Amino acid sequence: MNFKCIQELPAFLKSAFPQAEAPEDWSVTAEICPQNMEGELTVNCFRFARIFRQAPDKIAAKAAEFLSGHDDVEKAEQIKAFVNLTLKGGAVHRDTVAEENAILAAPVMSDAEKRRILIEYSAPNTNKPQHLGHVRNNTLGMSLASLLARAGHDVIPINLVNDRGIHICKSMIAYQRFGNDCTPESTGIKGDHLVGNFYVKYNDALKAQITELKANKPELADKADDELFLETEIGIATQKMLQDWEAGESEVRALWKKMNSWVFAGFNETYERMGVKFNHTYLESETYLLGKDIIQTGLEKGVFFKREDGAVCCDLGKIGVKVVLRSDGTSVYMTQDIGTTIKKFEDYKPDSQIWVVGDEQIFHFQQLFAILKKLGFEWADNLHHMAYGMVNLPTGKMKSREGTVVDADDLFDEMVELAKNATLERCGDDVPADIDERSEIIGMGALKFMLLKFNPKTTIMFDPQASLKFEGDTGPYVQYACARINSIAQKAEERGMVFDSDVNWSLLSSTEEKMLAITASFYPQIIREAAEKMDCSVLVSYLLDLAKAFNRFYRECPVLSADDEALRKARMTMCLRIKGIIGDGLKTLTISVPQAM
RNA sequence: GCGACCGUAGCUCAGCUGGAUAGAGCGCUUGCCUCCGGAGCAAGAGGUCAUGGGUUCGAAUCCCGUCGGUCGUACCA
């Protein structure tokens, strides 16, 4: 948004109300005029009332007076405290799309605002394949990283894989007992799914043992299953395996290594398909002992205290007392997180750290940040938990144990298959050679777009029937605008149209042409707003608006069949600018654009 | 119990640093291919913004209460 008449407005208003002494750097931003109002841009003068200490209507009257007389303005109408503007075609385009990279290359933030940001997301466990919940996390994480980088920050995405612990041993025990030395190769099953199958088998076996136990010992019937874990044979064996793992027992370690390598191979496929990339992957098996030494230091400094039972605690006032070391001297989750956070800081020296983690852990992160602050780390003020909501199904919550999860790989296949069918339906007998590649881009784009459309903090409902659509407010709708432009551009080239910088922009004076350019010009500030809010849905909504503005333009303003050659050229150039912005926006969301669809 | 978040159209969601007649998509009804791609465009029906107070010139938005819902409140992760 860079309109000359708007930029000149502050100086005029300052001279109109000199006694108010408005701040030197005060500037005005216009908004897109609501659809039911006549006009293209609107200036809301309620916002200026405090600055000038004048009635909003009075300021609006002054603003309208200035704008009415401005060369770029066709009409300026004051309604209450608003001034609605209709601009002249040439002026709109001069201030927006006329210069090739004016919008795309516009700085989103100043150098002083740029930060080095470490962002952690995904964080899967190596005992089961990823599901829709992980897909939301991955999508939010990678897109946020991409968005922050687009805004100008130096972004370092990292992963922290939970590759050890009792739950990992469960899959291993089940494999030892029921696996018959099978492998992903021998079964043809993707590694993470194979290991996940044993995790399920384990839980079945455990459940059977608990049922048997309860039948034999009626006095235990009222106990929760979790409490009986160490009463079962399989539970004891699992506990023993964890101890052996920690002791470095070679056979257990070898099995662990083998099974984890299968899972990682599987995860890599899933990540690759999504476009997930990390600068570094931390493994919990390498970091889980971190933090203990800092607990000792904290104890000496009096930040922590030893409770009567021997547990080391931290008093966090209003947010409670948190145990940071068990009475037997072993770590809790918090201990590891303290250690890992410090390590991450030392490894990368970021200005801030972001965790993309579900909102059920809000309290945990509050405590983590408070503890680090108490330990005296100044950078603890710059830690952010990007808390996002869960994904529910129409049938309720997803639960691994009850088998109601939507598997990530299956979902990808389903999306791509649907995209392929939709493409085949449209193309008739003329099946494109790149149909598979195209379907992949459309299907995965639709999925990511759907997940990013929601405000991250909200719990969302995923209805497979309703969510897997390609019409309306969807990724393909936005991609389609680009495909249309590609198609026109190709035909233009075939017809030998020449594109040079000599464009007569004043020919584009229809409402659709002006509104398209005006909408496009808001792109840099949308990127900024989305980055500040750490919310990709801001960008998603904007891209839908922009694609919508393009489709209206497309309908009303024929490019190739326009009468006049200069008009054809101006419209074609406009289309290419719009394609550049939509493409940049989708790319920022980690969504690709098919050449045709 | 305490804390956090949420309650907007039949459904899924925007809007929430107070400002015009509360928006979008889906679904429903109806138009639009002699015209660059209909994954499109245009129009219609559909809302006491959970509820009761308060602050304000003005409240979906801010404050308090009530009712519903979710999550958290571990020497689990």
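The structure presented is a predicted model; accordingly, all values stated were derived computationally and were not measured. Residue numbers start from 1 in every chain, and the chains themselves are labelled A, B, ... in the order their sequence lines are given, proteins ahead of strands. Below, each value reflects all heavy atoms present in this structure, side chains not excepted, and no hydrogens, waters or symmetry copies.
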Nearest-angstrom distance from the residue atom [atom1] of [X] to [atom2] of [N]:
| X | N | atom1 | atom2 | result |
| --- | --- | --- | --- | --- |
| F449(A) | rG25(B) | CZ | P | 13 Å |
| D57(A) | rC57(B) | CG | C1' | 11 Å |
| E360(A) | rA74(B) | CD | P | 15 Å |
| K322(A) | rG72(B) | NZ | C1' | 12 Å |
| E471(A) | rC41(B) | CD | P | 11 Å |
| F365(A) | rU73(B) | CZ | P | 13 Å |
| K469(A) | rA24(B) | NZ | C1' | 16 Å |
| Q336(A) | rA77(B) | CD | C1' | 8 Å |

Is the closest basic N to carboxylate O distance between R528(A) and E532(A) below 4.0 Å?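 Yes, this pair counts.
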With sugar-phosphate meaning primed atoms plus P, OP1 and OP2, does F363(A) contact a base, only sugar-phosphate, or nothing at under 4.0 Å between heavy atoms?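 Sugar-phosphate contact only.
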Check every strand shown and say whether N125(A) touches a base, only sugar-phosphate, or nothing at a heavy-atom separation below 4.0 Å.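 Answer is nothing: N125(A) stays at 4.0 Å or more from every strand.
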Can you give one letter per nucleotide of [range], going 5' to 3': B for a protein heavy atom under 4.0 Å from the base, S for sugar-phosphate only, - for none?
| range | result |
| --- | --- |
| nucleotides 3-20 of chain B | ---S-----SSS----BB |
| nucleotides 33-38 of chain B | --SBBS |
| nucleotides 43-48 of chain B | ------ |

Spacing of the [atom1] atoms in [M] and [N] (rounded, Å):
| N | M | atom1 | value |
| --- | --- | --- | --- |
| rG25(B) | rA42(B) | P | 9 Å |
| rG18(B) | rC57(B) | P | 15 Å |
| rA50(B) | rA9(B) | P | 8 Å |
| rC35(B) | rC16(B) | P | 44 Å |
| rG1(B) | rA59(B) | C1' | 32 Å |
| rG7(B) | rC49(B) | C1' | 10 Å |
| rG27(B) | rA39(B) | P | 14 Å |
| rG68(B) | rA14(B) | P | 25 Å |

Assess, by modelled atom type and distance only, whether the side chains of [X] and [Y] contain a donor and an acceptor separated by less than 3.5 Å.
| X | Y | answer |
| --- | --- | --- |
| Q361(A) | Y333(A) | yes |
| T126(A) | N260(A) | yes |
| N162(A) | E284(A) | yes |
| H385(A) | D359(A) | no |

What salt bridge (Lys or Arg N to Asp or Glu O under 4.0 Å) pairs are there with at least one residue in residues 457-478 of chain A, not counting sequence neighbours?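 Checked against salt bridge (Lys or Arg N to Asp or Glu O under 4.0 Å) - neighbours excluded - the pairs reaching residues 457-478 of chain A are R426(A)-E471(A).
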Any salt bridge (Lys or Arg N to Asp or Glu O under 4.0 Å) pairs touching residues 434-454 of chain A, not counting sequence neighbours?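 The answer is R273(A)-E440(A), K420(A)-D436(A), D434(A)-R438(A).
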Can you name the residues that form a ring-ring contact (aromatic ring centres under 6.0 Å, His included) with [X], not counting sequence neighbours?
| X | result |
| --- | --- |
| W256(A) | W245(A) |
| H167(A) | none |
| F553(A) | F550(A) |

First encountered from the 5' end of RNA chain B, between S331(A) and A547(A):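 Nearest nucleotide further toward 5': that of A547(A).
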All pairs passing ring-ring contact (aromatic ring centres under 6.0 Å, His included) where residues 29-64 of chain A contributes a residue, at least two apart: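 Residue pairs passing ring-ring contact (aromatic ring centres under 6.0 Å, His included), neighbours aside: F17(A)-F52(A), W26(A)-F48(A), W26(A)-F52(A), F46(A)-F82(A).
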Glycosidic conformation of rC33(B), syn or anti, with 90° from 0 as the boundary?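 This nucleotide is in syn.
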Counting side-chain heavy atoms from C-beta on, which of rA39(B), rA77(B), rG72(B) comes nearest to A422(A)?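 Nucleotide nearest to A422(A)'s side chain: rA39(B).
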From C-beta outward on K548(A), which listed nucleotide comes closest to its side chain: rA39(B), rA24(B), rG40(B)?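 The closest nucleotide is rA24(B).
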Main-chain N/O of G133(A) paired with H131(A) side-chain donor or acceptor, under 3.5 Å: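 Judged by distance alone, yes, a pair lies under 3.5 Å.
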Scan I441(A), I582(A), T474(A) and name whichever one has a side-chain contact (heavy atoms from CB on, under 4.5 Å) with Q479(A).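 In the set I441(A), I582(A), T474(A), the residue that makes a side-chain contact (heavy atoms from CB on, under 4.5 Å) with Q479(A) is I441(A).
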Base-pairing string, 5' to 3', of RNA chain B - Watson-Crick or wobble, under 3.5 Å, | interstrand: (((((((..((((.....[...)))).(((((.......))))).....(((((..]....))))))))))))....
The test is salt bridge (Lys or Arg N to Asp or Glu O under 4.0 Å); show your working for E40(A) and K75(A) and say whether it passes. CA-CA 10 Å; E40(A) 291 152 3; K75(A) 188 180 171 193; over 6 Å; no
Can you tell me if N551(A) touches the phosphate of rG40(B), counting only side-chain N or O atoms and a distance under 4.0 Å to OP1 or OP2?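 So the side chain of N551(A) is outside the cut-off, no N or O lying under 4.0 Å from OP1 or OP2 of rG40(B).
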Got a sec, which residues hit side chain to side chain donor-acceptor pair (under 3.5 Å) with Q78(A), two or more places apart in sequence or on another chain?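 So Q78(A) forms no side chain to side chain donor-acceptor pair (under 3.5 Å) with any residue.
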Does F229(A) have any side chain to side chain contact (heavy atoms under 4.5 Å, CB included) partners at least two apart in sequence or in another chain, and if so, which?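 For F229(A) the side chain to side chain contact (heavy atoms under 4.5 Å, CB included) partners, ignoring immediate neighbours, are I166(A), K170(A), Y202(A), L206(A), T238(A).
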